[in-house]
Visitor: 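Below you will find the structure I want to go over with you.
We count ligands from 1, going down the list as the structure has it; atoms in each ligand are counted the same way. Numbers here simply count residues along the sequence, with the first being 1.
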Amino acid sequence: MPRQLLFLPGPVSVAQPVTEALARPLIDHRGPEFAELLTRITEALRPLFGTRNDVIVLGSSGTGALETAVANTLFPGDLVLSCGVGFFGDRFATIAQNYGCEVERLETPLGSALDLQALADRLRKDARHQIAAVLLTHNETSTGVTNDMAALAPVLRSHGALTLVDSISGIGASEFRMDEWGYDVAVTASQKAFAAPPGVSMIALSDRAWERSSKVRAPRFYFDLAAARNAARLGQMPWTPPISILFALDEALRRYHAEGAHNAYARHARYAAAVRAALERLGFTIFSQSGAHSPTVVAATPPAEVDVPDFLQRLRNEYGIVLSGGQGSLARKIVRFGTMGDVGERDILAALATIELALLQMGIAVEPGTGCAAAIEAFGGRVTSGVA
Ligand SMILES: *Cc1c(COP(=O)(O)O)cnc(C)c1O
């Protein structure tokens with residue numbers, strides 16, 4: 001099997017020093033070295049969440065943090081407006097449903113971002129403020145759609161419902177200013193824009209979300225945020241933490257900040273624009289509507305003659321280039337090209353070249369080099385081999 005390059009929308013390609021950190025000797029999770037490690041990690045995360053409040057680190061994938069958000073801030077019976085724009089938005093809504101919330105869905109066609117006007121209209125109709133909370137997805141990884149969280153914020157603030165944001169594939173790859181925009185709960189995870197291995201998620205709460213969490217009595221134990229915050233103040237996690245993953249995350253965040261957040265935001269956007277340009281030139285249709293394109297994942301419908309599973313298998317088995325297919329109703333219909341992780345423009349070009357090769361081998365009429373040319377143009381001829 002060739003060495004794989006992951007262009008998945010998580011987990012992503014991880015830099016060698018980050019993988020090497022996994023092999024460090026373990027330390028006492030109740031000792032001073034661990035406290036320093038955890039403090040360094042949370043301090044590195046705080047500006048990326050855009051919050052002055054605590055960032056709580058959990059031993060789980062991102063979904064665990066979504067469940068934590070619901071279990072700690074929503075009451076059974078709460079009317080919750082789910083503003084999902086794809087399959088991960090559905091997952092967030094299902095978690096709220098499973099915790100006994102009454103979930104109303106504001107429907108958005110797949111490929112579109114949340115419509116500000118539709119949201120404003122629904123919230124305006126709620127004159128008696130029955131909607132207790134709103135569930136949002138910053139970046140919808142299943143459809144390659146990003147929501148304009150800055151633009152949505154004033155409408156949400158003026159209603160006053162608690163706002164819970166899945167920013168698992170958003171934070172770190174694009175700006176998020178939790179405090180300034182007034183979001184109450186935000187969630188992300190290690191294996192997306194931070195380019196660390198999976199296994200750690202992170203969550204931050206506004207003051208009023210913390211206040212609410214002290215009253216909410218949904219059954220919870222492992223994901224009890226009061227326990228997590230009390231432990232965090234001692235430089236600990238309440239249960240045995242995934243120490244090795246935290247070593248790797250610490251190294252990944254050090255590399256991230258060496259690049260700088262604004263450079264990282266620009267990098268993800270530049271890669272996504274190049275991939276969109278290349279795929280369009282090769283006859284794909286970009287699935288996200290214009291103005292809603294995600295910087296972290298490009299979802300695209302291949303030309304009709306392309307059998308998606310066959311295409312993805314060829315890329316993986318023959319070239320070690322790993323892309324994703326679609327989820328749910330989009331399975332076999334779209335491909336998804338993730339731009340996160342320790343990859344350079346060189347790697348994107350390699351992936352695009354092998355995409356051209358696979359299409360040619362499948363008998364699809366593409367002019368070799370045209371997709372790559374579109375990407376090189378989009379890169380402005382400046383091609384680097386890695387992130388840092
Ligand atoms: C990856 C992702 C998830 C799922 O996270 P896991 O770490 O797989 O549990 C949820 N929401 C979004 C937007 C994601 O990108």
Side-chain angles (χ1 to χ4, degrees), residues 6-14 45 48-49 56-71 82-98 108 110-114 134-149 152 163-174 176 178 183 185-204 222-223 242 245-246 248-249 252 268 271-272 287-288 292-299 322-328 330 334-341:
L6 301 184
F7 293 96
L8 299 172
V12 299
S13 293
V14 165
L45 289 169
L48 307 178
F49 276 76
I56 302 290
V57 174
L58 305 167
S60 77
S61 79
T63 306
L66 294 178
E67 180 154 352
T68 300
V70 169
S82 163
C83 299
V85 298
F87 296 102
F88 287 109
D90 280 346
R91 180 182 296 183
F92 208 1
T94 302
I95 295 170
Q97 244 159 11
N98 289 2
T108 298
L110 291 179
S112 296
L114 178 57
V134 180
L135 306 183
L136 300 135
T137 313
H138 180 181
N139 185 83
E140 177 49 74
T141 315
S142 69
T143 56
V145 162
T146 202
N147 280 315
D148 185 342
M149 301 308 285
L152 295 170
T163 47
L164 279 60
V165 183
D166 172 352
S167 187
I168 294 175
S169 62
I171 286 177
S174 54
F176 190 71
M178 185 174 177
Y183 288 105
V185 183
V187 163
T188 192
S190 56
Q191 82 276 24
K192 307 262 174 150
F194 307 136
V200 170
S201 64
M202 309 88 173
I203 183 168
Y222 191 83
F223 289 128
I245 308 292
L246 292 169
L249 176 62
H268 288 93
Y271 288 6
F287 191 76
S288 46
H293 299 316
S294 161
T296 52
V297 54
V298 176
V322 186
L323 308 187
S324 252
Q327 294 158 277
L330 297 176
I334 61 166
V335 300
R336 291 179 301 146
F337 190 125
T339 64
M340 296 172 284

Visitor: Kindly give the heavy-atom pair with the smallest separation between Ile168 and Asp166, and that separation in Å.
Guide: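 Closest heavy-atom pair between Ile168 and Asp166: N-OD1, 2.9 Å.
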Visitor: I want to check something: taking the side chain as every heavy atom from C-beta on, are Asn98 and Glu67 in contact at a cut-off of under 4.5 Å?
Guide: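 No, side chains not in contact.
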Visitor: Consider ligand 1: state whether an atom of it lies below 4.0 angstrom from any non-hydrogen atom of Lys192.
Guide: yes
Visitor: Just how far is it from atom OG1 of Thr188 to atom CZ of Phe176, taken to the nearest 0.5 Å?
Guide: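 It is 10.0 Å, given to the nearest 0.5 Å.
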Visitor: N/O of Thr141 under 3.5 Å from N/O of ligand 1, yes or no?
Guide: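 In this structure, Thr141 places an N or O atom under 3.5 Å from an N or O of ligand 1.
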Visitor: A side-chain contact here means heavy atoms from C-beta on lying under 4.5 Å apart; do Met202 and Ser190 qualify?
Guide: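 Side chain of Met202 against side chain of Ser190, heavy atoms only: contact under 4.5 Å found.
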Visitor: For Thr63, take its heavy atoms, then give the atoms of ligand 1 lying under 4.0 Å from any of them.
Guide: 4 (C), 5 (O), 6 (P), 9 (O)
Visitor: Any chance you could measure His293, atom NE2, to Ser288, atom OG, to the nearest 0.5 Å?
Guide: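 Those atoms lie 4.5 Å apart.
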Visitor: Give yes if a backbone or side-chain nitrogen or oxygen of Glu140 is under 3.5 Å from a nitrogen or oxygen of ligand 1, and no if not.
Guide: no
Visitor: What part of His138, side chain, backbone, both or neither, has a heavy atom within less than 4.0 angstrom of ligand 1?
Guide: neither
Visitor: Report the distance from atom CD1 of Ile171 to atom CE of Met178, rounding to the nearest 0.5 Å.
Guide: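 That separation rounds to 8.0 Å.
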Visitor: For Asn139, take its heavy atoms, then give the atoms of ligand 1 lying under 4.0 Å from any of them.
Guide: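 So the answer, numbered in order with elements, is 13 (C).
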Visitor: For atom 8 (O) of ligand 1, what's the nearest protein heavy-atom neighbour? Residue, atom name and distance, please.
Guide: Gln191 NE2, 4.0 Å
Visitor: Under the criterion side chain to side chain donor-acceptor pair (under 3.5 Å), which of Thr141, Asn139, Asn147 is the partner of Ser294?
Guide: Asn139
Visitor: Determine whether the side chains of Thr339 and His268 contain a donor N or O and an acceptor N or O closer than 3.5 Å.
Guide: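 No donor-acceptor contact under 3.5 Å links the two side chains.
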Visitor: Show the atoms of ligand 1 that are less than 4.0 angstrom away from any heavy atom in Ser61.
Guide: 6 (P), 7 (O), 9 (O)
Visitor: Please determine if Gly62 has a nitrogen or oxygen closer than 3.5 Å to a nitrogen or oxygen of ligand 1.
Guide: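 Yes.
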Visitor: Note the single closest protein heavy atom to atom 10 (C) of ligand 1, along with its residue, its atom name and the distance in Å.
Guide: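 Among all protein heavy atoms, the one nearest atom 10 (C) of ligand 1 is Phe88 CD2, 3.2 Å.
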Visitor: Is Asp166 close to ligand 1, meaning an N/O of one under 3.5 Å from an N/O of the other?
Guide: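 It does: an N or O of Asp166 is found under 3.5 Å from an N or O of ligand 1.
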